[in-house]
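Quick notes on the structure that follows.
In what follows, chains carry the letters A, B, and so on, assigned in the order in which the sequence lines appear, proteins first and then strands, with residues in each chain numbered from 1.
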Number of protein chains: 2
Amino acid sequence: MSGSRGARDGQEYSLLLDDQLCFALYAASRAVTQRYRPLLDDLGLTYPQYLVLLVLWEYGSVPIKEIGAALQLDYGTLTPLIKRLEAAGLARRERRPDDERTVLVSLTDEGGDLRVRARAVPVAIGDAMGLSPEDHREAMRILRTLTAQVAASG
Amino acid sequence: MSGSRGARDGQEYSLLLDDQLCFALYAASRAVTQRYRPLLDDLGLTYPQYLVLLVLWEYGSVPIKEIGAALQLDYGTLTPLIKRLEAAGLARRERRPDDERTVLVSLTDEGGDLRVRARAVPVAIGDAMGLSPEDHREAMRILRTLTAQVAASG
DNA sequence: CACGATTACATTGTGCACAATCTAATCGCC
DNA sequence: GGCGATTAGATTGTGCACAATGTAATCGTG
């Protein structure tokens, strides 16, 4: 199991796959995304598209930059993604009149209506994760700490 | 088994981005991968390529199927990835003589040598995550629980 | 041994992620 | 008003992820 390896604060860092929190994180993230897939397929969405709609449902009309800030995604990801939402008739893109650099993304009626059908999604996912309320809270706390630390250490 | 959950035992599932553990997980995973990038760039690797090398360093000569089982990745991801490792001179691909269906992946000398330089990577990442030993253990436990539950609920 | 089923892998196509580079609109400052 | 710097966004290219489909080798059973 744990031999002589890099250590700090009594923690050991090996090159063994199963020892790595990073891999556990990466695997968990992909497993959850896969669990989302059949649910989101029914809505005609991918997981990142669903995330963009969460932002739009919450805030209404939003510049792409703010969507990127909320989701930590860049234009290279968002520009084509939002164009696909537009092609699907769920979102609209329009330049802000008083600043033509900014593209405001807003919901069509169809995109707004999807919110009702999406209500069941987080419930189903929360259920599938099968964590106790305490573990759920702990996971949120640790992941936020980790994300903040990792971002700050760059 | 823990039974049904939903909003039922005191947890609430909203459509608000910040409430969602799934998003925290997704964001944390990408943040960690980004933190890996500069470290792995020095080795000429991407994160998934690094994961494949972890498996090879640990087990030596491995069929693609087993690499996929260890990393939970399919052939569509692994076939081109391993071909890039081969093109970089780090890995070799050869058919198993007694079963020509199987492709055994093994390390070149150069791929083996990279292990020494990679030792510093998990240490740096563990350091950047900045979790206490207790939180680190808790995170591993919760993520494994979550991954197992989510996979089983499909 | 024949032959359908299975297995291991490859290929194709779509959609993220993200770095690097580019364009056009706006702002700051004189 | 003129002009360099900044800002918002688009584009291009590489590399995952993963579904769907295809192919060749092997196995199982009669």
- [ ] Check the surroundings of atom CG in D109(A): do more than 12 heavy atoms from other residues, nucleotides or ligands lie under 6.0 Å from it?
- [x] no
TODO: Just do the side chain to side chain contact (heavy atoms under 4.5 Å, CB included) check on V103(B) and I82(B) with the steps written out, would you?
DONE: CA-CA 11 Å; V103(B) 172; I82(B) 293 170; over 6 Å; no
Open item on the list: Against Y26(A), only a single residue in Y47(B), Y26(B), Y50(B) fulfils ring-ring contact (aromatic ring centres under 6.0 Å, His included); can you say which?
Closed with: Y47(B)
Open item on the list: Please determine whether side chain to side chain contact (heavy atoms under 4.5 Å, CB included) holds for the pair V105(A) and V62(A), giving the CA-CA distance in whole Å, both sets of side-chain angles, and the decisive distance to 0.1 Å.
Closed with: CA-CA 5 Å; V105(A) 183; V62(A) 186; 5.5 Å; no
Task: Angle by which the axis turns from one end of the helix from dC1(C)-dG30(D) to dC30(C)-dG1(D) to the other, five pairs per end, to 10 degrees - done: 20°
Task: M129(A) with L15(B), same ILVMFWY side-chain cluster at under 4.5 Å - done: yes
- [ ] Could you list the residues that satisfy side chain to side chain contact (heavy atoms under 4.5 Å, CB included) with Q72(B), not counting sequence neighbours?
- [x] R30(A)
Task: Comparing T77(B) and T79(A) on DNA chain D - which has the more 5′ nearest nucleotide - done: T79(A)
Task: Within one Ile-Leu-Val-Met-Phe-Trp-Tyr cluster: L51(A) and Y59(A), side-chain cutoff 4.5 Å - done: yes
Open item on the list: Using side chain to side chain contact (heavy atoms under 4.5 Å, CB included), reason through L56(A) and I67(A) one step at a time and then give a plain yes or no.
Closed with: CA-CA 8 Å; L56(A) 294 175; I67(A) 297 176; 4.3 Å; yes
Open item on the list: I'd like to know if R117(B) pairs up with D42(B) as an ion pair, taking the criterion as any Lys NZ or Arg NE/NH1/NH2 lying under 4.0 Å from an Asp or Glu carboxylate oxygen.
Closed with: no
- [ ] Dump the intermediate steps for side chain to side chain contact (heavy atoms under 4.5 Å, CB included) on R144(A) and M140(A), then the final yes or no.
- [x] CA-CA 6 Å; R144(A) 283 171 175 164; M140(A) 282 294 260; 3.2 Å; yes
- [ ] Rounded to the nearest 0.5 Å, what's the gap from OG1 on T79(A) to CG on L73(A)? Could you check?
- [x] 11.0 Å
Open item on the list: Just to be sure I understand the rule, does L81(A) reach a base, reach only the sugar-phosphate, or reach nothing, if contact means heavy atoms closer than 4.0 Å?
Closed with: sugar-phosphate
TODO: Give me the first and last nucleotide of DNA chain C, going 5' to 3', that has any atom under 4.0 Å from a heavy atom of chain B.
DONE: dT7(C) to dA19(C)
TODO: Could you tell me whether T102(B) contacts a base, only the sugar-phosphate backbone, or nothing, with contacts defined as non-hydrogen atoms closer than 4.0 Å?
DONE: sugar-phosphate
- [ ] Check DNA chain C against residues 31-52 of chain B and give the residues with a non-hydrogen atom under 4.0 Å, in numerical order.
- [x] Q34(B), R37(B)
Open item on the list: Base contacts versus sugar-phosphate-only contacts with protein, heavy atoms under 4.0 Å: please encode nucleotides 20-29 of chain D as B, S and - from 5' to 3'.
Closed with: -----BS---
Open item on the list: Using the salt bridge (Lys or Arg N to Asp or Glu O under 4.0 Å) criterion, which residues pair with R93(B)? Sequence neighbours excluded.
Closed with: E86(B)
Open item on the list: What is the distance, to the nearest angstrom, from the CG atom on L78(A) to the P atom on dT11(D)?
Closed with: 14 Å
Open item on the list: Would a single hydrophobic cluster contain both L39(A) and L43(A), if residues Ile, Leu, Val, Met, Phe, Trp and Tyr are joined by side-chain heavy-atom contacts under 4.5 Å?
Closed with: yes
